[in-house]
Amino acid sequence: MDDPVLLTGAGGRVGQAILDGIGEEYDWRLLDREPLPAAKVPDRVTDADQYVADITDERAVREAVRGVNAVIHLAGDPRKTAPWDSVLRNNIDGTQVVMRAAAEAGVEKFAFASSNHAVGGYETDDRTPDLYRPDDDYRLDGDELPRPGNLYGVSKATGEFLGRYYHDETGMSVVCVRIGNLTKDHPPREYERGQAMWLSHGDCAHLFDRCLRADYGFEIVYGISDNDRKYYSIDRAREVLGYDPQDNSANYTFEGEPIAEDPPTDEP
Ligand SMILES: NC(=O)C1=CN([C@@H]2O[C@H](COP(=O)(O)OP(=O)(O)OC[C@H]3O[C@@H](n4cnc5c(N)ncnc54)[C@H](O)[C@@H]3O)[C@@H](O)[C@H]2O)C=CC1
Ligand SMILES: O=C1O[C@H](COP(=O)(O)O)[C@@H](O)[C@H](O)[C@H]1O
């Protein structure tokens with residue numbers, strides 16, 4: 001891709017997983033309200049391509065999206081316990097500012113970091129903990145209505161609705177990725193829910209790469225690795241985006257240690 005890609009929330013966990021994986025493949029503009037230390041910035045990104053700004057600052061955001069072909073929007077409050085004033089400002093108002101600026105600037109593709117918590121309410125007492133286990137066949141596929149389990153989830157569902165609105169109003173391609181649980185090197189330790197929705201760093205970078213390269217209109221997909229334990233379908237991400245995850249929490253013990261492959265033997 002020749003035109004720049006704007007990455008908001010670049011200094012955070014998801015932003016760094018993306019830059020670790022595909023940091024050399026795009027001309028990035030990085031936006032975060034915190035200045036990024038050099039170690040978090042890919043070599044080719046100049047100071048001029050780094051924006052220290054709050055996403056609720058309309059002028060700064062308009063400047064950052066000018067001339068950009070695609071946006072990956074991650075900036076926000078990621079806490080499931082975040083209070084209303086924070087999600088209202090950072091996740092709802094901030095997302096509206098970034099999406100509107102992108103649509104008005106003629107951005108072609110917009111990937112929005114939604115969350116498993118937009119549908120946390122489906123994890124009812126009668127479904128859990130079976131839901132988190134490999135032999136349970138209950139699946140959410142992205143066609144279901146949001147069912148948030150907390151105010152953070154409400155803010156993510158609202159971001160999805162904003163995406164729907166701006167796609168319908170302006171034709172901007174919008175994909176909402178309901179990210180599961182991103183951890184580096186191994187799945188969340190001793191946590192069934194987390195292992196069912198694990199997203200490895202490599203699969204995260206690949207998934208957002210596909211969001212930048214694929215053709216779509218408006219989509220909601222689940223962002224998890226190809227875990228044996230899962231209650232989110234990744235079929236839509238495979239079909240529409242060409243997502244081809246390589247990791248699976250079943251290749252690790254419950255404690256998060258890799259399960260050694262059987263050594264090759266000489267026996268026939
Ligand atoms: N880490 C995970 O497993 C998951 C993350 N997500 C979503 O992905 C996104 C990124 O999450 P993480 O990287 O884990 O969070 P993080 O807290 O590590 O990173 C967020 C980044 O955004 C910046 N930021 C926050 N509010 C901002 C604002 N108003 N203006 C400008 N910059 C702002 C922060 O300085 C930080 O660098 C969030 O929207 C989160 O809700 C969704 C599901 C799971
Ligand atoms: O949206 C998010 O979800 C993940 C997983 O949720 P959890 O309740 O199982 O921890 C969370 O780790 C992340 O911080 C959050 O942004």
Side-chain angles (χ1 to χ4, degrees), residues 6-20 29-37 40-41 50-61 64 71-82 85-99 101 111-121 123 128-129 131-132 146 148-160 162-163 176-184 187-201 203-205 207-208 211 220-225 227 229 231-232 249:
L6 174 66
L7 179 66
T8 75
R13 293 169 294 176
V14 180
Q16 289 296 296
I18 292 171
L19 292 176
D20 281 349
R29 283 190 197 166
L30 307 180
L31 185 149
D32 202 295
R33 66 182 173 193
E34 304 294 336
L36 303 188
K40 288 191 166 190
V41 179
Q50 296 177 54
Y51 295 79
V52 181
D54 197 289
I55 51 169
T56 58
D57 178 343
E58 292 181 30
R59 210 163 67 163
V61 170
V71 174
I72 298 176
H73 173 47
L74 310 174
D77 188 334
R79 297 171 298 163
K80 64 185 171 190
T81 54
D85 60 345
S86 179
V87 296
L88 183 60
R89 176 183 167 78
N90 296 297
N91 298 8
I92 298 179
D93 189 26
T95 296
Q96 201 272 339
V97 167
V98 178
M99 274 190 196
F112 167 61
S114 185
S115 168
N116 61 88
H117 286 287
V119 288
E123 294 167 50
T128 55
L131 191 66
Y132 309 134
N150 45 47
L151 293 174
Y152 163 70
V154 170
S155 76
K156 290 295 170 180
T158 306
E160 295 178 357
L162 286 168
C176 304
V177 181
R178 289 180 177 161
I179 303 172
N181 192 327
L182 178 89
T183 55
K184 196 170 187 180
R189 297 185 195 277
E190 300 184 20
Y191 181 29
E192 286 192 301
R193 180 175 195 268
Q195 292 172 4
M197 61 172 72
W198 182 43
L199 178 63
S200 71
H201 270 215
D203 287 341
C204 177
L207 176 55
F208 281 96
C211 292
I220 294 174
V221 299
Y222 284 97
I224 63 170
S225 288
N227 308 314
R229 289 176 188 274
Y231 56 100
Y232 300 144
S249 57

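Heavy-atom basis, side chains included; hydrogens, waters and symmetry copies ignored. Because the structure is predicted, anything quoted here is derived from the model rather than measured. Order of appearance sets the numbers: ligands from 1, and atoms from 1 within every ligand.
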Review point. If we only count N/O pairs under 3.5 Å, is P78 in contact with ligand 2?
Key: yes
Check your understanding: Are any of the N/O atoms in S114 less than 3.5 Å from those in ligand 1?
Key -> no
Practice item. Return a yes/no value for L74: is any of its N or O atoms, backbone included, closer than 3.5 angstrom to an N or O of ligand 1? Key: yes
**Study point:** N or O contact, Y152 vs ligand 1, cut-off under 3.5 Å
**Key:** yes
Check your understanding: Out of curiosity, is T56 lining ligand 1, as in a heavy atom under 4.0 Å away?
Key -> no
Check your understanding: How close does the nearest protein non-hydrogen atom get to atom 37 (O) of ligand 1, and which residue and atom is it?
Key -> D32 OD2, 2.6 Å
Review point. Just wondering, do L162 and F112 contact through their side chains at under 4.5 Å, heavy atoms?
Key: no
Review point. In terms of residue, atom name and distance, what is the protein heavy atom nearest to atom 20 (C) of ligand 1?
Key: G76 O, 4.1 Å
Point to revise | side chain to side chain contact (heavy atoms under 4.5 Å, CB included) assessment of Y222 paired with V119 | key: CA-CA 11 Å; Y222 284 97; V119 288; 3.7 Å; yes
Practice item. Mind checking the CE-CD1 spacing from M197 to I179? Nearest 0.5 Å is all I need. Key: 12.0 Å
Point to revise | From CG (L7) to CD (Q50), nearest 0.5 Å | key: 11.5 Å
Check your understanding: Are N181 and N116 close enough that some pair of their side-chain heavy atoms sits under 4.5 Å apart?
Key -> no
Review point. Donor-acceptor pair, S114 side chain versus V177 backbone, under 3.5 Å?
Key: no
Check your understanding: Does the side chain of T128 reach to within under 4.5 Å of the side chain of Y231, using non-hydrogen atoms?
Key -> no
Check your understanding: Can you find an N/O atom of V14 closer than 3.5 Å to an N/O atom of ligand 1?
Key -> yes
Practice item. For residues K156 and N91, determine if any side-chain heavy atom of one lies less than 4.5 Å from a side-chain heavy atom of the other. Key: yes
Review point. Would you say S115 has any N or O atom under 3.5 Å from an N or O of ligand 1, going by distance alone?
Key: no
Point to revise | Close N or O approach (R13, ligand 1; < 3.5 Å) | key: yes
**Study point:** Which segment of R193 sits under 4.0 Å of ligand 2 when only heavy atoms are counted
**Key:** side chain
Exercise for review: Among D54, D77, D57, find the residue that satisfies the salt bridge (Lys or Arg N to Asp or Glu O under 4.0 Å) test when tested with R89.
Suggested key: D54
Point to revise | From CZ (R178) to CD (E160), nearest 0.5 Å | key: 4.0 Å
Exercise for review: Enumerate the atoms of ligand 1 whose separation from the nearest heavy atom of G9 is less than 4.0 angstrom.
Suggested key: 21 (C), 22 (O)
Practice item. Would you mind checking which non-hydrogen protein atom is closest to atom 6 (O) of ligand 2, with the distance to 0.1 Å? Key: H117 NE2, 3.1 Å
Point to revise | T158 vs V87 side-chain heavy atoms within contact, under 4.5 Å | key: no
Exercise for review: Please verify whether a non-hydrogen atom of H73 lies at under 4.0 Å from ligand 1.
Suggested key: no
Review point. N/O to N/O below 3.5 Å, does that happen between D77 and ligand 1?
Key: no
Point to revise | ligand 1 to I179 polar contact by distance, N or O atoms, under 3.5 Å | key: no
Exercise for review: State the atoms of ligand 1, each with its element, that fall below the 4.0 Å cut-off from a heavy-atom position in E34.
Suggested key: 35 (O)
Review point. What residue and atom, counting heavy atoms only, is the protein's closest point to atom 17 (O) of ligand 1, and at what distance?
Key: P78 CG, 3.3 Å
Point to revise | Numbered atoms and elements of ligand 1 in range of A53, under 4.0 angstrom, heavy atoms | key: 30 (N), 31 (C)
Check your understanding: Can a donor-acceptor pair be found between the side chains of S249 and R229 at a distance below 3.5 Å?
Key -> no
Review point. Can you list the atoms of ligand 2 that are under 4.0 Å from a heavy atom of S115?
Key: 1 (O), 2 (C)
Point to revise | G180 to ligand 1, any heavy atom closer than 4.0 Å | key: yes
Revision key, fill the gap. The protein heavy atom nearest to atom 29 (N) of ligand 1 is N90 OD1, 2.9 Å
Exercise for review: State the atoms of ligand 1, each with its element, that fall below the 4.0 Å cut-off from a heavy-atom position in N181.
Suggested key: 3 (O)
Study note, to complete from the structure: Nearest non-hydrogen protein atom to atom 30 (N) of ligand 1, with distance, is I55 N, 3.0 Å
Practice item. Would you kindly say whether S225 and D203 are connected by a side-chain donor-acceptor distance under 3.5 Å? Key: yes
Practice item. Report yes or no: does a heavy atom of R13 sit under 4.0 Å from some atom of ligand 2? Key: yes
Practice item. Answer with side chain, backbone, both or neither: which part of R178 has a heavy atom less than 4.0 angstrom from an atom of ligand 1? Key: neither
Study note, to complete from the structure: Judged by heavy atoms only, the candidate from G149, G180, G120 nearest atom 4 (C) of ligand 2 is G180
Review point. Which atom names give the shortest non-hydrogen contact between A101 and V61, and what distance separates them?
Key: CB-CG1, 3.8 Å
Check your understanding: Does the protein put any heavy atom within less than 4.0 Å of atom 11 (C) of ligand 2?
Key -> no
**Study point:** Protein residue, atom and distance nearest to atom 16 (P) of ligand 1, heavy-atom basis
**Key:** G12 CA, 3.9 Å
Review point. Which residue supplies the protein heavy atom nearest to atom 9 (O) of ligand 2, what is that atom called, and how far is it?
Key: Y191 OH, 2.4 Å
Study note, to complete from the structure: One should read off an interatomic distance between I55 CD1 and N90 CG, to the nearest 0.5 angstrom, of 6.0 Å
Check your understanding: When you look for heavy atoms under 4.0 Å from ligand 2, do you find them on the side chain of N116, its backbone, both, or neither?
Key -> side chain
Practice item. Look at atom 32 (N) of ligand 1 and say which protein heavy atom is nearest, naming residue and atom and giving the distance to 0.1 Å. Key: R33 N, 3.2 Å
Check your understanding: So do the side chains of I18 and C204 get within less than 4.5 Å of each other, counting heavy atoms only?
Key -> yes
Revision key, fill the gap. Between the CZ atom in R79 and the NE2 atom in H117, the distance rounded to the nearest 0.5 Å is 13.0 Å
Point to revise | Minimum-distance protein heavy atom relative to atom 8 (O) of ligand 2 | key: K80 NZ, 2.7 Å
Practice item. State the CG-CZ distance between L6 and R29, to the nearest 0.5 angstrom. Key: 7.5 Å
Check your understanding: Are any non-hydrogen side-chain atoms of D32 and K40 less than 4.5 angstrom apart?
Key -> no
Review point. For atom 8 (O) of ligand 1, what's the nearest protein heavy atom and its distance?
Key: A113 CB, 3.6 Å
